[in-house]
Amino acid sequence: MYCDLLIKNGFIIDGSGKPGFYGDLAVSQGKIIKISTKIEFQAERIIDAFGLTVCPGFIDPHAHEELTVLSSGRFEEYLRQGVTTTISGNCGHSITPYSSDNIYKYMVKKGLISVKTMEQNKRVGLAWADFLSYTDVIKNKGTNLNMGFLLGHGTLRWSIIGDTKHRKPTAQEESKIIHLVEEGMEQGALGISTGLTYSPSKYAETDEIIELAKAVKKYDGIYTSHIRNYLGTLEAVQEAVTIGKATGIRVQVSHLTPNCPEGFDEILVARQQGLEIAVDTIPKSSGHFRRKDRLFQYLTNCDSILTSEERRKLIKRIRFKEHLMAINTGDPSMETRTLKELAIESKMSVNELLLDLLENDRHELTFCHGGLIRQDFPGTPYPDSIAQNPLVMVGSDRVSGEFDDPYAWYELFRKGSFPLFISLCRQSGVRLEEIIRRITSLPAQQFRLSNRGTLSTGKSADITIIDMDNYSYPFNPEIDYKNPFTMAKGVKYTIINGKAALDDGTIKQLNSGQLLSRNGKVL
């Protein structure tokens with residue numbers, strides 16, 4: 001027999017959680033056609049995977065790449081981790097409803113893209129009218145990754161009743177939002193996300209979300225939630241469980257901090273009681289690094305050029321500014337120190353210091369909001385109750401900021417989420433096969449990506465081939481906090497629908513990624 005690609009002599013971990021074995025795998029026309037200890041096929045290409053681990057492509061259930069892909073579908077940072085599929089539209093932010101002009105306006109207001117990027121995208125005609133026409137734009141541009149998309153509750157609510165409406169929607173407004181949800185689900189969305197610490201999602205009471213979840217459930221969609229952390233982490237998880245139990249919808253709790261083991265326990269109990277629920281966590285993160293021009297837009301929601309007096313008035317309203325850390329200052333005595341420390345030393349107020357820094361002529365001056373290592377995602381070994389919880393997967397929560405201007409906004413460690421997660425779980429004694437299950441078949445099941453997640457005949461050939469002994473990402477202090485380009489090491493091949501987008505360590509722009517809907521449908 002003949003095949004397009006034959007992978008030989010690898011240690012195959014199939015994503016089911018079963019023990020791995022040494023064997024071969026054959027691919028033809030983008031599908032896996034045979035897996036066995038020995039395959040004697042003629043092949044257009046043979047990859048010798050001796051000494052390497054062959055896994056299903058990893059699935060990142062929590063990304064924010066719906067606008068990045070408009071600039072580039074290369075996605076090197078994912079391919080070098082072995083990721084083949086991402087889910088975007090998380091935390092209530094999405095590319096629908098209505099026109100691209102509406103979405104660009106929303107994304108700029110939320111500080112998720114710059115005015116410059118918005119105008120650039122508009123100039124080159126990156127426009128759409130609804131979910132379906134957005135997917136047409138992406139298919140025309142092409143992408144190296146498979147991508148699925150959620151509808152964003154924040155974007156929907158903002159589009160109908162505005163940003164600061166601290167009230168319930170009227171019956172007419174709720175009907176409009178539900179109609180938009182149904183339209184998006186019919187056009188191929190995977191479900192709906194909330195960002196319950198952000199405006200306007202935070203103004204929604206639980207009953208409002210339940211009504212939208214009911215609409216999504218009719219289409220076998222999923223409800224994912226950046227939970228209402230200000231309630232307390234456990235209480236916020238309980239709200240997500242309440243929504244799931246009230247509607248029967250599948251639930252994904254997004255980027256839950258390992259500092260609250262009882263939240264993970266609550267999810268496991270709910271699953272044991274019959275609710276189809278799971279959770280993703282960020283293994284390690286710094287705060288957000290924002291160059292001073294982007295910091296001002298993010299903190300003030302203001303995208304126009306301001307006078308010094310206007311800036312001074314807005315700075316007074318910025319919360320937590322005393323904890324901002326200065327980097328790329330050009331002055332070693334200021335580097336990685338907080339504005340509070342610098343202000344005390346300079347005998348200035350924090351407001352005066354921040355205004356001076358924003359108005360000086362050092363364009364590359366950058367502020368870190370949240371610290372070089374965030375305390376909620378510190379990258380320390382997991383408690384046993386989290387490490388051994390079979391419902392915990394990794395989500396990078398990767399926000400690319402500006403593809404053409406990577407120093408404008410970045411964070412450390414997110415580009416290494418998968419090797420960091422595997423390392424932390426292995427330190428806690430979790431079997432490698434079980435870890436691989438949690439980042440392949442578990443998210444595939446949760447998001448109803450029925451053609452992905454395991455290495456088995458008939459499935460799409462999304463495959464990663466890894467030198468597992470050298471699969472890594474820098475921990476601190478060896479990471480360069482001024483460098484947003486640090487990539488994971490150890491992945492030799494990342495194969496998307498049968499084609500190697502990462503080929504023996506070299507990135508190729510093959511655009512073999514597909515846009516995924518529920519239950520195996522490709523858009």
Side-chain angles (χ1 to χ4, degrees), residues 64 91 110-112 114 195-199 202 226-233 236 255-260 281-302 306 311-360 362-380 397-399 401 407-414 475-477 479-484:
H64 296 271
C91 296
K110 298 301 176 184
L112 297 169
S114 67
L196 296 176
T197 60
Y198 304 130
S199 170
K202 68 181 182 181
H226 175 136
I227 55 177
R228 215 182 297 264
N229 291 307
Y230 56 82
L231 295 176
T233 302
H255 46 55
L256 186 60
T257 171
N259 292 341
C260 183
T281 188
I282 303 167
K284 185 179 180 69
S285 183
S286 69
H288 291 281
F289 291 80
R290 290 185 176 89
R291 200 176 53 223
K292 65 179 185 180
D293 53 328
R294 285 305 310 278
L295 174 88
F296 205 83
Q297 180 200 341
Y298 177 77
L299 293 178
T300 65
N301 290 331
C302 185
L306 302 174
R311 285 182 182 235
R312 190 181 300 275
K313 289 179 180 178
L314 285 169
I315 283 172
K316 291 179 180 179
R317 292 162 35 197
I318 297 172
R319 301 172 63 203
F320 310 122
K321 52 184 171 285
E322 64 273 13
H323 301 299
L324 293 174
M325 183 179 292
I327 71 165
N328 281 327
T329 60
D331 182 349
S333 69
M334 296 178 64
E335 199 71 11
T336 69
R337 297 180 65 192
T338 67
L339 296 189
K340 182 178 180 179
E341 292 173 321
L342 294 171
I344 291 171
E345 187 175 283
S346 303
K347 295 182 172 58
M348 302 171 67
S349 72
V350 170
N351 286 346
E352 289 171 333
L353 175 63
L354 182 53
L355 185 64
D356 282 354
L357 291 173
L358 289 171
E359 292 187 339
N360 74 20
R362 188 171 179 82
H363 174 70
E364 62 269 34
L365 179 65
T366 300
F367 298 92
C368 179
H369 183 225
L372 298 181
I373 300 174
R374 279 175 52 169
Q375 295 307 302
D376 50 351
F377 299 109
T380 52
D397 196 13
R398 170 107 173 92
V399 182
Y407 288 96
W409 178 16
Y410 65 94
E411 68 277 280
L412 301 177
F413 305 112
R414 304 288 182 94
F475 275 80
N476 52 294
I479 196 165
D480 178 2
Y481 65 86
K482 295 182 181 180
N483 178 14

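What you are looking at is a predicted structure, and each value in this text was computed from that prediction instead of being measured. Residue numbers run from 1 in the order of the sequence given.
Checked by atom type, the side-chain pair His255/Thr281 shows no donor-acceptor distance below 3.5 Å. Between the side chains of Asn351 and Ser349, no donor-acceptor pair of N or O atoms lies under 3.5 Å. With hydrogens and angles left out, the side-chain atoms of Ser114 and Arg294 include no donor and acceptor closer than 3.5 Å.
When every heavy atom of Tyr410 is checked against every heavy atom of Asn483, the shortest pair comes out as OH-N, 4.4 Å. The two residues Lys292 and Asn360 come nearest to each other via the heavy atoms NZ-O, 2.5 Å. Nearest approach of Leu372 to Ser286, heavy atoms of both residues: O-CB, 3.1 Å. When all heavy atoms of Leu196 and Lys202 are compared, the pair lying nearest together is O-CB, 3.3 Å. Heavy-atom minimum distance, Gly111 versus Trp409: O-CZ3, 3.4 Å. Counting all heavy atoms, side chain and backbone alike, Leu357 lies closest to Leu365 at O-CD2, 3.5 Å.
Between atom CG of residue Leu412 and atom NE2 of residue His288 there is a gap of 11.0 Å, rounded to the nearest 0.5 Å. The CG atom of Asn259 sits 6.5 Å away from atom CG of Asp376, with the distance rounded to the nearest 0.5 Å. His64 NE2 to Cys91 SG: the interatomic distance, rounded to the nearest 0.5 Å, is 4.0 Å. The CG atom of Leu354 lies 7.0 Å from the CG atom of Leu324; values are rounded to the nearest 0.5 Å. With values rounded to the nearest 0.5 angstrom, Gln375 atom CD is found 9.0 Å from Thr380 atom OG1.
With contacts defined as side-chain heavy-atom distances shorter than 4.5 Å, the pair Phe367/Arg290 does not qualify. Side-chain contact between Asp397 and Phe377: absent, with no pair of heavy atoms (C-beta onward) separated by less than 4.5 Å. Proximity of Ile282 to Arg414: side-chain heavy atoms (C-beta onward) are separated by under 4.5 Å at one or more points. Looking at heavy atoms from C-beta onward, Leu342 lies in side-chain contact with Met334 at the 4.5 angstrom threshold. Put simply, the side chain of Leu353 reaches to within 4.5 Å of the side chain of Leu339, judged on heavy atoms. Side-chain contact between Lys340 and Lys321 is absent, with no heavy atoms from C-beta onward closer than 4.5 Å.
Taking a cutoff of 4.0 Å between a charged side-chain nitrogen and a carboxylate oxygen, Lys482 and Asp480 do not qualify as a salt bridge. The residues Arg362 and Glu364 are annotated as salt-bridged, a charged nitrogen and a carboxylate oxygen being separated by less than 4.0 angstrom. A salt bridge links Arg398 with Glu411; the closest basic N to acidic carboxylate O contact falls under 4.0 Å.
The aromatic rings of Phe289 and Tyr481 sit parallel, their planes meeting at an angle under 30°, below the 60° perpendicular limit.
Remark: side-chain polar atoms of Lys110 are paired, donor with acceptor, to backbone N or O of Ser199 under 3.5 angstrom. No donor-acceptor distance shorter than 3.5 angstrom exists from the side chain of Asn229 to the backbone of Ala236, with no hydrogens or angles considered. The backbone N or O of Thr338 lies less than 3.5 Å from a partner atom in the side chain of Glu341, making a donor-acceptor pair. Looking only at distances, a side-chain donor or acceptor of Glu335 sits under 3.5 Å from a matching main-chain atom of Thr329.
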Exercise for review: List the steps and the verdict of side chain to side chain contact (heavy atoms under 4.5 Å, CB included) for Ile227 and Thr197.
Suggested key: CA-CA 7 Å; Ile227 55 177; Thr197 60; over 6 Å; no
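In terms of the side chain to side chain donor-acceptor pair (under 3.5 Å) criterion, Thr257 has no residue partners (sequence neighbours excluded).
Taking the ring axis of Phe413 as reference, the NZ or CZ atom of Lys284 stays within 45° of it and closer than 6.0 Å to the ring centre.
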